[in-house]
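Here the structure is laid out as structure tokens; the discussion comes afterwards.
These values consider heavy atoms only, across backbone and side chains, with no hydrogens, waters or symmetry-generated copies.
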Amino acid sequence: MSNYTRVYFEGLGIDFDLPSIAFTIFGHEVHWYGIIIAFGFMLAVLYGGRMAYKWKMSLDGMTDVLIWGTIFGIICARAYYVIFEWSYYKDHLIEIPQIWNGGIAIYGGIIGALIGAAIGCKTGKINFPNLLDLGALGLLIGQGIGRWGNFFNQEAFGVNTTTAPFRMWSQKIHDELVSSADVLTSKGIDFDPNLPVHPTFLYESVWCLLGFLILNYIVHKHRHFKGEIFMLYGIWYGLERAVVEGLRTDSLYIGDTTLRVSQLLSIVIVAVFAVAFVVCFIKYKKGTLWSALQLDKVIDENIKNDEKAEVRNGTDN
């Protein structure tokens, strides 16, 4: 199989060869997908570490959270995918642990990361709602960057479009649509493998990175209670996923129905998180918010002092 595939952006009037393999070391191919996912993860960890330092959170405790969150995140991301593709994996049990062949789900990863983070917070004596706010911002970084791995793999794309400015087409997209023809037809999805498709990876990447900028501003200037940023993340990401999932051609479905798992879950998350946010905000205004969600004023003062110091240092230099 060729390392390159020609990608056409009809709306922009450009096309170029896109590599899937970055380099080979000791006889093993290193794919751009893995590099990009690792890069997004690294940036998320670095951001979380810096914020944890500002908030005076235990370094050992954060290490516990990172280890447990990563382990459970990977396991649950795979389990989520396998569960909703059980019709295939029940006859191919040996392939279940082979995540290097593809087949992980972001929602499963988030659920697993939350379980692992809860364990890490317990062992590391870290406030869980506070950790959720840092985790939400890290997720937006990781998701926003990680989606470009899908681009290099030419996967996670949408249905046909002749009007979207960034519509794209490649031979890999053509072949994937042809190989998925029976499933797509059974779900009532019309498609033409010779026409361009929605770059849904791009929609989600831009939405997540924009969400990071907005929530990063809020966490520094307008956060009212612990867990607030995580709730806003659920609403922000859920809204996008509920819409964009409806455009994708690789969705997981509930049984033989046409109900997309991630789309339905996104709608539920938006509704639940919106209600939780409103309830917590009202209690915050009334001064009756649960003590575990109260902001530590010392943390806020540390953040403000650090920011002032950075400004002064920048001026002096």
### Task
Apply the test side-chain contact (heavy atoms from CB on, under 4.5 Å) to residues Glu155 and Ile173: give CA-CA distance (whole Å), side-chain angles for both, the deciding distance (0.1 Å), then the verdict.
CA-CA 7 Å; Glu155 61 187 9; Ile173 290 174; over 6 Å; no

### Message
As a quick check of understanding, evaluate ring pair (Phe, Tyr, Trp, His ring centres under 6.0 Å) for Tyr217 and His222, giving each step before the final call.
### Response
CA-CA 8 Å; Tyr217 171 77; His222 300 287; 5.4 Å; yes

### Message
Does Phe16 form a side-chain contact (heavy atoms from CB on, under 4.5 Å) with Tyr8? I'd like the steps, not just the answer.
### Response
CA-CA 7 Å; Phe16 51 85; Tyr8 299 84; over 6 Å; no

#### Entry: Intermediate values then yes/no, ring pair (Phe, Tyr, Trp, His ring centres under 6.0 Å), Phe84 and Tyr80
CA-CA 7 Å; Phe84 291 105; Tyr80 186 102; 5.3 Å; yes

### Message
Using side-chain contact (heavy atoms from CB on, under 4.5 Å), reason through Leu12 and Phe166 one step at a time and then give a plain yes or no.
### Response
CA-CA 7 Å; Leu12 302 178; Phe166 295 95; 3.8 Å; yes

### Task
Report the C-alpha distance between Ile110 and Leu139 in whole Å, list the side-chain angles of each, state the deciding distance to 0.1 Å, and finish with yes or no for side-chain contact (heavy atoms from CB on, under 4.5 Å).
CA-CA 8 Å; Ile110 293 174; Leu139 282 170; 4.2 Å; yes

### Task
Start with the C-alpha distance between Phe230 and Phe273, add both sets of side-chain angles, then the distance that settles ring pair (Phe, Tyr, Trp, His ring centres under 6.0 Å), and finish with yes or no.
CA-CA 9 Å; Phe230 181 69; Phe273 279 43; 5.4 Å; yes

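Here Leu259 contributes atom CG and Lys187 contributes atom NZ; the two are 9.0 Å apart, rounded to the nearest 0.5 Å. With rounding to the nearest 0.5 angstrom, the CG atom of Leu140 is 5.5 Å from the SG atom of Cys208. Taking CG from Asn150 and CG from Asp250, the interatomic distance works out to 8.0 Å, rounded to the nearest 0.5 Å. Annotation: the span from Gln263 atom CD to Arg248 atom CZ amounts to 11.0 Å, rounded to 0.5 Å. Note that the CG atom of Leu210 and the CD1 atom of Ile214 stand 4.0 Å from one another [nearest 0.5 Å]. Atoms CG and CD1, from Leu265 and Ile111 in turn, are 6.0 Å apart once rounded to the nearest 0.5 Å.
Using a 4.0 Å cut-off between charged nitrogen and carboxylate oxygen, Lys226 and Asp133 do not count as a salt-bridge pair. Between Glu10 and Arg167 a salt bridge is recorded (basic side-chain N to carboxylate O distance below 4.0 Å). Electrostatic pairing of Glu228 and Arg223 does not count as a salt bridge here, judged by no charged N lying under 4.0 Å from a carboxylate O.
For the pair Leu252/Glu85, a side-chain contact is recorded, criterion being any heavy-atom separation below 4.5 Å from C-beta on. Here the side chains of Val7 and Asp15 are not in contact, with every heavy-atom distance at 4.5 Å or above. Counting heavy atoms from C-beta outward, Leu247 and Tyr203 have side chains that approach closer than 4.5 Å. Using a 4.5 Å heavy-atom cutoff, the side chains of Arg50 and Lys54 are in contact. Side-chain contact check for Ile141 versus Leu137: every heavy-atom pair is 4.5 Å or farther apart. Within the 4.5 Å cutoff, side-chain heavy atoms of Val30 are placed close to those of Ile25.
No continuous path of ILVMFWY side-chain contacts below 4.5 Å connects Phe277 to Ile267, so the two sit in separate hydrophobic clusters. Hydrophobic clustering, with ILVMFWY side chains joined whenever heavy atoms are under 4.5 angstrom apart, groups Ile106 together with Val272. Residues Leu184 and Phe157 share a single hydrophobic cluster, defined by chaining ILVMFWY side chains whose heavy atoms lie under 4.5 Å apart. Linking ILVMFWY side-chain heavy atoms closer than 4.5 Å, directly or via other members, places Ile282 and Ile229 in two distinct hydrophobic clusters. Transitive grouping of hydrophobic side chains (ILVMFWY, heavy atoms separated by less than 4.5 Å) keeps Leu209 and Leu46 in distinct clusters.
Evaluation of the side-chain hydrogen bond (donor to acceptor under 3.5 Å, both in side chains) test over residues 107-127, restricted to residues two or more places apart or in two chains, returns Asp64-Thr123, Tyr107-Ser266. Contacts classified as ring pair (Phe, Tyr, Trp, His ring centres under 6.0 Å) and involving residues 19-41 (residues at least two apart or in different chains) are given here: Trp32-Phe152.
More than 12 non-hydrogen atoms from other residues, nucleotides or ligands lie less than 6.0 angstrom from CG of Asp91. The 12-atom threshold is not exceeded at CD1 of Ile94, counting heavy atoms of other residues, nucleotides or ligands nearer than 6.0 Å. Trp86 CH2: more than 12 foreign heavy atoms inside a 6.0 Å radius. No more than 12 heavy atoms of other residues, nucleotides or ligands sit less than 6.0 Å from atom CD1 of Ile104. Atom CZ of Phe191 sits in a crowded spot, with more than 12 heavy atoms from other residues, nucleotides or ligands closer than 6.0 Å.
Put simply, the side chain of Arg78 gets close to the backbone of Gly103: a donor and an acceptor are under 3.5 Å apart. Although no hydrogens or angles enter the test, the distance criterion places a donor-acceptor pair under 3.5 Å between the side chain of Ser20 and the main chain of Asn3. The closest donor-acceptor contact from the side chain of Thr63 to the backbone of Leu59 lies under 3.5 Å. Under a 3.5 Å cut-off, the side chain of Thr24 and the backbone N or O of Gly27 do not form any donor-acceptor pair. When atom types are taken as modelled, the side chain of Ser180 and the backbone of Leu177 share no donor-acceptor pair closer than 3.5 angstrom. Checking side-chain atoms of Asn160 against main-chain N and O of Asp192 turns up a donor-acceptor pair under 3.5 Å.
Side-chain polar atoms of Glu245 and Ser251 form a donor-acceptor pair below 3.5 angstrom. For the 3.5 Å distance criterion, the side chains of Glu204 and Thr200 fail to qualify, holding no donor opposite an acceptor. Looking only at atom types and distance, the side chain of Gln154 has a donor-acceptor partner in the side chain of Ser170 under 3.5 Å away.
Using a 30° and 60° split on the angle between ring planes, His92 and Tyr88 fall in the parallel class, below 30°. The aromatic rings of Trp169 and His174 sit perpendicular, their planes meeting at an angle over 60°, well past the 30° parallel limit. A tilted orientation is assigned to the rings of His224 and Tyr284, their planes being inclined by 30° to 60°.
The two residues Leu134 and Gly48 come nearest to each other via the heavy atoms CD1-O, 4.0 Å. In plain terms, the two heavy atoms of Ile145 and Ile36 that are nearest each other are O-CG2, 3.2 Å. Pairing each heavy atom of Ala44 with each of Gly138, the nearest pair is CB-O, 3.3 Å. Minimum heavy-atom separation, Asn153 to Lys172: O-CD, 4.0 Å. Here the shortest heavy-atom pairing between Phe151 and Leu18 reads O-CD2, 3.2 Å. In terms of heavy atoms, Gly238 sits closest to Val270 at C-CG2, 3.5 Å.
Residue Val279 belongs to a hydrophobic cluster whose other members are Val275, with links defined by side-chain heavy atoms closer than 4.5 Å.
Checked against Trp207 for a ring pair (Phe, Tyr, Trp, His ring centres under 6.0 Å), the options Trp236, Tyr237, Phe212 give a single hit: Trp236.
In this structure, Lys283 is not positioned above the aromatic face of Phe281 in the sense of NZ or CZ being under 6.0 Å from the six-membered ring centre and within 45° of the axis.
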